[in-house]
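To start, the structure under review is shown below, and the notes come after it.
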Amino acid sequence: MSNQILNFVNISLEDMTCIMREIVASELQKAKEFISPTPKNDLDKILTREEVCKLLKVSNTTLFHWHNDKVLVNHKIGRRVYYMKADVMVKLNPLRLVS
């Protein structure tokens, strides 16, 4: 905490209320950004099997085989299967070696 001296002798109630409102709003915005449940960028999203099939234009069977062959890793929550969008985008846009 910094050592700042505040002088409240000549401040009106309205001004004090306005200052406090701005400080609280600023701190709440910082807290909201810190604990936001939404991904910071689009690559942090999770996708369902159906979304991945549409995006990659492949069948569910192909996704199943890719998982078994460790081509595309899936994550299970209960009985549901999800994919990280970052992993899917790597598969969609593979790095090409320059010879």
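All residue numbers in this chain count up from 1 along the given sequence. Only this structure's heavy atoms are used, side chains among them; waters, hydrogens and symmetry mates stay out.
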task = Please step through side chain to side chain contact (heavy atoms under 4.5 Å, CB included) for the pair Asn60 and Arg49, ending with a clear verdict.
result = CA-CA 7 Å; Asn60 275 329; Arg49 280 190 290 199; 3.9 Å; yes
ask   = Is any side-chain heavy atom of Met89 closer than 4.5 Å to a side-chain heavy atom of Leu55?
value = yes
key: Derivation and outcome, side chain to side chain contact (heavy atoms under 4.5 Å, CB included), residues Tyr82 and Val52   = CA-CA 9 Å; Tyr82 297 99; Val52 174; over 6 Å; no
task = Quickly, which of Thr48, Leu63, Ile46, Val73 forms a side-chain contact (heavy atoms from CB on, under 4.5 Å) with Tyr83? Name it, please.
result = Leu63
request  = Look only at the side chain of Ser26 and the backbone of Glu22, and say whether a donor-acceptor pair between them is shorter than 3.5 Å.
outcome  = no
request  = Kindly indicate whether the side chain of Asp87, heavy atoms from C-beta on, has any atom under 4.5 Å from the side chain of His75.
outcome  = yes
task = Give, for atom CG of Asn74 and atom CZ of Phe64, the distance between the pair rounded to the nearest 0.5 Å.
result = 10.0 Å
query = What's the spacing between Lys45 NZ and Met84 CE if we round to 0.5 Å?
reply = 11.0 Å
request  = Calculate, to the nearest 0.5 Å, the distance between atoms SG and CG belonging to Cys18 and Leu13 respectively.
outcome  = 11.5 Å
task = Could you please spell out the steps behind the side chain to side chain contact (heavy atoms under 4.5 Å, CB included) verdict for Glu14 and Ile19?
result = CA-CA 9 Å; Glu14 293 82 23; Ile19 290 169; over 6 Å; no
request  = Any chance you could measure Lys76, atom NZ, to Arg79, atom CZ, to the nearest 0.5 Å?
outcome  = 10.0 Å
remark   = In short, Leu56 meets Leu72 closest at the heavy-atom pair CD1-CD2, 4.2 Å
